[in-house]
Amino acid sequence: MLLGTVLVLLLFSAAPASAHAALRGTDPDDGSVVQRAPRHLTLTFTESVGLLDDSFRVFGPDQRRVPTGEAQHADGRSDTARVALSGKLAQGTYTVAWRVVSADSHPVSGAFTFSVGKRSATTAQVDTGPDEDPLTGGLHDAARYLAYLAAALLVGTVAFALLCRPADTSPLRRPLVAAWWTLLGSTAVLLLLRAPYEAGAGPAAAFDLSALERTLTSRPGLALLARLAVLLLTAAFLLRLSGRRDHHQPVMRAAGATLAVALALTWAAAEHASAGIQVPVAMTSSVLHLVATGVWLGGLVALLLTLRRASVDALTEVVPRFSRIAFASVTVLAVTGLYQSWRGLGSLAALTGTSYGRLLLAKLVAVTALLLAAGYSRRWTARLATPAASVRTAVPERVAQPVGVGASAQAEEPGESGGSGASGATGDGGEPVEPHTPSGAPEPAPGLGEEDTRRRGLRRSVLVEVAVAAVVLLITTLLTTTLPGRAQAEAAQQPPAGALPPTTLVTVPFDTGASTGLLSGRGKVQVTLDPARVGDNGVQAIVFGSDTYLVVVPEVRITFTLPSRKVGPIDAELTDRGGYWSTNSVNLPLAGTWTMKTTVRVSDVDQVTVSKQVRIVP
């Protein structure tokens, strides 16, 4: 049971290896200093992205927005975004805020900086606007949750009616209608909110006709339109289903299965399964996962409603059928969930080290509770079905030998005297004799009260299952908007937007060949170059003796030369800070491999110069 729980922990989620695009690089590079103003800004991502009308916002050194052209893909590559810069750019630092839509339909955003000529002296932060409007995000997530819930109820109720074949399907009509209308309404809301959700704008932007037109031509918008079309076909199917007595025929089941698969495809084609590695396998797995989820969880609701009104005899046929169907659904969920688990997490460490993994752990707890409740329901199912078989075999024997007035004495074994047909309380042996049943009245089935008790027990356990299933679907909604663990690992391999490269630390050993005071003539200088980029850099030098203790020397001098471009030497002009030497303004104007010469003077006549190579990036 525990292994099955682990395998099914990804119930209803389909997270790919590369869901949510990660920024691979920028041109100009983040934090770089360029001598000439660039004509374009280009971003490269780990997967294909969709562009918005406001994908780029560029702010100048004065924090005012810089005019730009229309965002496009560079050289026709769908994993890039490019915008043209219009006008002449002044010297200083520019901030670029970007926002695109991942192939899995989720918007991603960030910011980076570059400088023209030299960096701005100001350190003021530029307000690039919110990443997401809270109201739009909340409404969008609520509509997604209702869509999942309604789809599960719709698929599961139809599957219950076609496969479990209850004699009375009237209790299922109201939930079917409610599920259909809820899915229709939530899909319409998602279609309207798509544009403001992508742009991070308020709900009022949903009524922008140009934005709505763009939504209708995007892949998420086309998927939502396809869902509306499938719902219209489903409505026709439900009308035909309710008007036919032969709705259990194979053709009706095939039609229902086709519509369920088509409905699941509207999720798989525009969300996590549509991006990353092994897309055909992932989409197939996602469709099977969604359909199996609906058959199981939606069927639980249908079973709960049937338990309230169906007779005990009818339940002995329906409940075991659903139990077998539920077991098959859980098997499908286990196989597809294991695959999606590997695809979404990427590593075992991501299970506890990422938000996605921690949500999966929470879902694991909920699914464990769901399976425990399902196991409890199976025990009630077995107890409900077993006595019914004995009742069906016992009742005909009693009916074949009706007991009339005074008939009990004639039916006794020889040697036993019958009692009065009217009173008939006991025979000669003190055994109780059953009272006479009037002609035409049904004889009460033995154990009927016990079966009612078992039916109520089954109904309570199924109700618990339904409640826990609602929690599972809620966590699923959160998972579909959370960066998967594998994607987070991929993003971590890229330099984060707005971050500077790591500080360069260079150790320079020296040997003057003479001893002066505490200094034996040997030691090392630890030189820190920050940020090791084109432009102004800070330099700090600390001198250690041979025994790794700090020593004071008369002078430390550092120069930089770029032999390939015949630049230098540039003197860092270090200042003695009382224990270490430093400066905050060494301008290294070009990228490349520089030669750093460190000179340590330990006395008026003893000094040594050591050369090291350092890399300066744009």
Side-chain angles (χ1 to χ4, degrees), residues 8 11-12 149-180 183 230 233-265 287-336 370-371 374-375 377-378 380-382 384-385 388 455 458-459 461-462 465-466 469:
V8 80
L11 177 65
F12 216 174
L149 204 62
L153 181 59
L154 184 62
V155 171
T157 305
V158 172
F160 185 87
L162 292 176
L163 301 178
C164 297
R165 304 190 296 275
D168 182 14
T169 59
S170 59
L172 307 181
R173 294 174 185 171
R174 184 171 295 178
L176 270 178
V177 173
W180 189 89
L183 186 53
V230 173
L233 295 175
T234 303
F237 171 79
L238 293 178
L239 290 175
R240 185 175 180 85
L241 184 66
S242 63
R244 291 175 63 97
R245 294 184 178 274
D246 56 347
H247 56 265
H248 303 311
Q249 288 185 354
V251 64
M252 298 298 291
R253 297 177 187 174
T258 302
L259 289 173
V261 169
L263 195 62
L265 272 173
V287 168
L288 293 175
H289 206 85
L290 296 176
V291 172
T293 298
V295 170
W296 182 22
L297 301 188
L300 285 174
V301 178
L303 176 62
L304 181 63
L305 296 173
T306 303
L307 286 171
R308 297 180 59 184
R309 296 182 57 176
S311 64
V312 174
D313 288 339
L315 291 178
T316 58
E317 298 288 343
V318 172
V319 173
R321 287 172 187 160
F322 177 75
S323 181
R324 292 190 294 269
I325 293 170
F327 180 79
S329 299
V330 171
T331 302
V332 173
L333 291 170
V335 175
T336 56
L370 184 59
L371 292 179
S377 297
R378 284 181 65 87
W380 278 113
T381 299
L384 183 65
R455 178 170 61 173
L458 178 60
R459 190 168 61 221
S461 64
V462 172
E465 286 187 73
V466 171

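In what follows, residues are counted from 1 in the order of the sequence shown. Keep in mind that what you see is a predicted model, and the values were worked out from it rather than measured.
R321 is linked by a side chain to side chain contact (heavy atoms under 4.5 Å, CB included) to C164, R165, E317, R324, counting only residues two or more places apart in sequence or in another chain. Residues passing the side chain to side chain contact (heavy atoms under 4.5 Å, CB included) test with A255 are F237, sequence neighbours excluded.
Across all non-hydrogen atoms, the minimal contact from A179 to A150 is O-CB, 3.5 Å. Smallest separation of non-hydrogen atoms from L305 and P171: CD1-O, 3.7 Å. Pairing each heavy atom of V295 with each of A159, the nearest pair is CG2-CB, 4.0 Å. Nearest heavy-atom pair, F160 versus F322, reported as atom, atom and distance to 0.1 Å: CD1-CD1, 3.8 Å.
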Listed pairs under 3.5 Å, donor-acceptor, residues 326-334 side chains, sequence neighbours left out:
residue : atom : partner : partner atom : Å
S329    : OG   : I325    : O            : 3.0
T331    : OG1  : F327    : O            : 2.9

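Side-chain contact check for L172 versus V158: every heavy-atom pair is 4.5 Å or farther apart. Residues P166 and D168 form no side-chain contact, since every pair of their non-hydrogen atoms from C-beta on lies 4.5 Å or further apart.
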> Given the rule in the side chain to side chain contact (heavy atoms under 4.5 Å, CB included) test, do L153 and L297 qualify, once you have shown the distances and angles that lead to the verdict?
Replying inline: CA-CA 7 Å; L153 181 59; L297 301 188; over 6 Å; no
>> As a quick check of understanding, evaluate side chain to side chain contact (heavy atoms under 4.5 Å, CB included) for L238 and L154, giving each step before the final call.
In response: CA-CA 10 Å; L238 293 178; L154 184 62; 4.2 Å; yes
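Separating the CG atom in L176 from the CG atom in L241 is a distance of 8.0 Å, to the nearest 0.5 Å.
A distance-only check finds no donor-acceptor pair linking the side chain of S323 to the backbone of V319 [under 3.5 Å].
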